Amino acid sequence: MDFQSRLERKGLNRREFLKAVAAATAALGLPAIYEPRIAEAVEKAAAKPPVIWLEGQDCTGCTESVLASFDPGPAEIVLDLLSVRYHETIMAASGTVAESWLEDNIKQGGYLLVVEGSIPTADDRFLTIGGRPFRQIVEEAAAKAGAIVAVGACACFGGIPAAGPTGAKGVQDVVKNKPVINLPGCPVKPTWVLGTVLQYLVFKKVPQLDGNKRPLAYFGTLLHDNCPRRGHFEQSQFLTDWNDPSQKDYCLLLKGCKGPKTYTDCAQSWWNDGVNFCINASSPCAGCTQPEFYAAGPLDHRAGFAPLYVRTDTMSLPGVGGVSPGTVGKVIAGAAVVGAGVHLIGNAATGRLKQEKQEKPGKPDKPEKGRRN
Ligand code: SF4
Ligand code: SF4
C-alpha cells in the first residue's frame, strides 16, 4: 500500500498530514524551514523502518501516553508509518510465537529499539520473559539495533522500581557500548517520542544530548525559568494552604515543587495537545524527567526527590549568611545550584521565605496575610 493510500485509510488528507508534520517540526525544536524535509522523510518511510518495543519493570504508562496522543497524532504517525515488529501491549501474538518472532527480528538487525521500564540487575529472576532474563533480551536486542531509545523514567534512570529491591537500572547502565537516547518522564510525553523518531528518520543520527543523554530540544531548559507561577516565586508568594482560594496561583515550592531542579519543556509545551500541565493544574512538579525522580530510601543510592509533596534537602549551598542552618536547608531544597538557587538564597537572606512553622507536618498551614499585592 503506498503512502497516500495509507493516509486515506487513516482518514487523513494531505493537508492534515502536513499540519501534523508542522506540529512535529515544532516539537523537534526545528524552524519551519525543515518541514518539507521532514514530510519527505516521513513519506519515504513508506518502507516502514522496523521498531522493537520492549517492556521491562513498567506500568505500561508510557505506552498508554503515546497511544493516547492527539489526533492526528504521534501514535498514528509512529505506529502506522513504522513497522512495530514487537510490542507486548499492542501485538496480537503471545507465548512462544511472539518470542520466536522477536528472535527472528533481532537476527535481522537495523531496527529502532525502544525500551520502556527498568531492568532488574540484583537478580535475573526478578524478570524473565519466555524463560530468558529481561537483562539478556535487552543486551541482545541492543547489540543489533540501529538506534536505542529509552522511554520513561524507569527505562532511563530506574524510576520508581529503583526504590525497591530489584536493583532496577536504566538502559544506559546495562548497554554500555552503544549510544542510548533518554526520553524520561513519568510517563514520557508523546511529542518527545515523535520528535526523536522523526529525527532518527530525517538525520539518521543521535540528536544533541545533555549530560543525562536527554535531547536538548526537550530537556534543555529549567522548568522553573518558564513556570507560569514564577512571578509569585519572585514575590515570595508561596502556597501554604490548598484550601485558601487567594493562594491558588502561588508558587508551589513549599508544597514540594521540584521545578527549580527539573529540566523539561513542560511549561512551554503543555501536555495533551496543549491542554494543561502539572503546575498549571496546581500540582507541584515531581521532577519526573530527572534522575533524582522518586529516589529515596535505604535501598536507593541516589539523593532523591521523594517524597513528592515535601521539600527535600538534597544539596547545600555555600555563602548564605544571617539565616539559621535549619531554615537554609529548607530554603535551598528544590533549588538549582545555578539560577533558581540564587533567587532562593536572596529570598532566604532577606527573610522573605516563610519559616519552619509553616512546614510542620500535621499542623494546618496558615496563609500569610496581605501577601497578594
Ligand atoms: S518552584 Fe515550582 S511552582 Fe514555584 S515558580 Fe518554580 S517551578 Fe513554578
Ligand atoms: S511538570 Fe514536572 S512532574 Fe509534571 S510532567 Fe513535567 S517534569 Fe514531570
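In listed order, ligands and their atoms are each counted from 1. If you're wondering where the values come from, they're calculated on a predicted model, not measured in any experiment.
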**Q** Can you tell me if Trp271 has a non-hydrogen atom under 4.0 Å from ligand 2?
**A**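 Flag set, Trp271 near ligand 2.
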**Q** For atom 6 (Fe) of ligand 2, what's the nearest protein heavy-atom neighbour? Residue, atom name and distance, please.
**A** Cys266 SG, 2.3 Å
**Q** Hey, is the main chain of Ser269 close enough, under 3.5 Å, to the side chain of Lys189 for a donor-acceptor pair?
**A** yes
**Q** Could you note down all residue pairs passing salt bridge (charged side-chain N to carboxylate O under 4.0 Å, His left out) where residues 93-104 supplies at least one of them, sequence neighbours left out?
**A** none
**Q** Looking at Tyr250, is its backbone amide N or carbonyl O close enough to the side chain of Arg229 to form a donor-acceptor pair, meaning the two atoms are under 3.5 Å apart?
**A** yes
**Q** Only pairs at least two apart or in different chains count here, so list each salt bridge (charged side-chain N to carboxylate O under 4.0 Å, His left out) that has a residue in residues 132-157.
**A** Asp124-Arg135, Arg132-Glu140, Arg135-Glu139
**Q** Please could you name the atoms of ligand 2 that Cys278 approaches to less than 4.0 Å, counting only its heavy atoms?
**A** 1 (S), 3 (S), 4 (Fe), 5 (S)
**Q** What's the shortest distance from atom 8 (Fe) of ligand 2 to any protein heavy atom, and which residue and atom give it?
**A**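 That would be Cys288 SG, 2.3 Å.
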**Q** Are more than 12 heavy atoms from other residues, nucleotides or ligands located less than 6.0 Å from atom CD of Gln136?
**A** yes
**Q** Please walk me through it: do Asn280 and Trp270 pass side chain to side chain contact (heavy atoms under 4.5 Å, CB included)?
**A** CA-CA 9 Å; Asn280 198 56; Trp270 290 10; 3.3 Å; yes
**Q** Output all residues satisfying salt bridge (Lys or Arg N to Asp or Glu O under 4.0 Å) with Asp173, sequence neighbours left out; order by chain, then residue number.
**A** none
**Q** Provide the protein N, O or S atoms situated under 2.8 Å from atom 6 (Fe) of ligand 1; waters are not included.
**A**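 Less than 2.8 Å away from atom 6 (Fe) of ligand 1 sit His224 ND1.
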**Q** Would you name the heavy atoms of Tyr218 and Gly195 that are closest together and state the gap between them?
**A** OH-CA, 3.1 Å
**Q** Please state which protein non-hydrogen atom is closest to atom 3 (S) of ligand 2 and give its distance, to 0.1 Å?
**A**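 Ranked first by proximity to atom 3 (S) of ligand 2 is Ala286 N, 3.1 Å.
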